[in-house]
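Let me begin by presenting the structure, written as structure tokens, before commenting on it.
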Amino acid sequence: RQALEEMRALYEQNQADVSEAKAGRTDLIFLIRFRHCCLLRNQRCILAYLYDRLLRIRALRWEYGSVLPNTIQFHMSAEEVEWFSRYKKSLATYMRSVGGEEGLDLTQDIKPPKSLYIEVRCLRDYGEFEIDDGTTVLLKKNSQHFLPRWKCEQLIRQGVLEHILS
């Protein structure tokens, strides 16, 4: 806000001096150019600040999900909340368009997994579980298996499987 107020003052001073320079006062041209350079610098600073805020808001979508906590939303302007909403919808549309009929949740693993397969323990009887390569695994209570991470993450969230950490 302070930079914008400074820009308004510089612009008004330049407008007044330009009209005088047109009347014949050529000594004001250097001052007008200097103020114009100050205006351009302030404009670059403001744009860099706004771009940084947008990058931070985009990172919030990946960190918190599609719903922001009220404490964070309180510090955002209406335009930033609207931008977050549009970004959220755009990301959801893209995730539905890739990965087949179910879509692909890109926000699931922010950090790439160390291995594609994980060791899991079955917490309750589930029955047969088919992996994409066509093999079936019988998931019985207390049985342990080495399965693809992406295939069994939903069962872990449902409480059928438990990830065994070495």
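Only this structure's heavy atoms are used, side chains among them; waters, hydrogens and symmetry mates stay out.
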I29 with L39, same ILVMFWY side-chain cluster at under 4.5 Å:
no
Could you tell me if the side chain of D52 sits less than 4.5 Å from the side chain of R56, heavy atoms only?
yes
Mind checking whether L50 and L4 sit in one hydrophobic cluster, side chains of I, L, V, M, F, W, Y counted as touching below 4.5 Å?
yes
Measuring only between side-chain heavy atoms, which start at C-beta, is L68 closer than 4.5 Å to V81?
no
With a 4.5 Å heavy-atom cut-off, do H145 and V137 have their side chains touching?
yes
Could you work out, with salt bridge (Lys or Arg N to Asp or Glu O under 4.0 Å) as the rule, every residue matching R1, not counting sequence neighbours?
none
With side chains defined as the heavy atoms from C-beta onward, is the minimum distance between M76 and I57 less than 4.5 Å?
yes
So with a 6.0 Å cut-off around NE2 of H163, is the heavy-atom count from everything else above 12?
yes
Could you walk me through whether R25 and D17 pass the salt bridge (charged side-chain N to carboxylate O under 4.0 Å, His left out) test, one step at a time?
CA-CA 9 Å; R25 285 199 56 195; D17 286 350; over 6 Å; no
Once you round to the nearest 0.5 Å, how far does CD of Q158 lie from SG of C152?
11.5 Å
Just checking Y126: does its OH atom have more than 12 heavy atoms from other residues, nucleotides or ligands closer to it than 6.0 angstrom?
no
C122 and K140 have their tightest heavy-atom pair at CB-O, 3.0 Å
Take atom CG of N70 as the centre, draw a 6.0 Å sphere, and report whether it contains more than 12 heavy atoms from other residues, nucleotides or ligands.
no
What residues, two or more places apart in sequence or in another chain, satisfy side-chain hydrogen bond (donor to acceptor under 3.5 Å, both in side chains) together with E162?
R121
Atom pair CH2 (W150) and CD1 (I118), whose distance is rounded to the nearest 0.5 Å
12.5 Å
Answer with yes or no whether the hydrophobic clustering places I131 together with V160; edges join I, L, V, M, F, W, Y residues whose side-chain heavy atoms lie under 4.5 Å apart.
yes
Is there a side-chain contact (heavy atoms from CB on, under 4.5 Å) between N14 and H36? Walk through the geometry before answering.
CA-CA 8 Å; N14 263 5; H36 185 72; 4.2 Å; yes
Within a reach of under 6.0 Å around CD of Q154, are more than 12 heavy atoms found that belong to other residues, nucleotides or ligands?
no
Quick check on the hydrophobic clustering: are L54 and L60 connected, directly or via other members, by side-chain heavy-atom contacts under 4.5 Å?
yes
Is there a side-chain contact between L106 and Y94 in this structure, where contact means two heavy atoms from C-beta onward sitting under 4.5 Å apart?
yes
Taking the side chain as everything from C-beta on, heavy atoms only, tell me whether E128 gets closer than 4.5 Å to L139.
no
To the nearest 0.5 Å, tell me how far Q13 CD sits from L28 CG.
11.5 Å
Say whether Y64 and M95 are linked into one hydrophobic cluster, either directly or through other cluster members, by side-chain heavy-atom distances under 4.5 angstrom.
yes
Rounding to 0.5 Å, atoms OG (S77) and CZ (R53) come to a distance of 6.5 Å
Correct closest heavy-atom pair for L138 and S143 would be O-OG, 4.2 Å
Between T93 (side chain) and K89 (backbone), is there a donor-acceptor pair under 3.5 Å?
yes
With the side chain counted from C-beta on, respond yes when L161 and L123 share a heavy-atom pair under 4.5 Å apart, and no when they do not.
no
Could you grab the distance from atom SG of C38 to atom CZ of R33, nearest 0.5 Å is fine?
14.5 Å
Tell me whether the rings of W83 and Y87 are parallel (<30°), tilted (30 to 60°) or perpendicular (>60°).
parallel
Taking the side chain as everything from C-beta on, heavy atoms only, tell me whether Q43 gets closer than 4.5 Å to L47.
yes
Working to the nearest 0.5 angstrom, can you tell me the gap between E119 CD and L147 CG?
10.0 Å
L10 and side chain to side chain contact (heavy atoms under 4.5 Å, CB included): which partner among M7, E12, E6?
E6
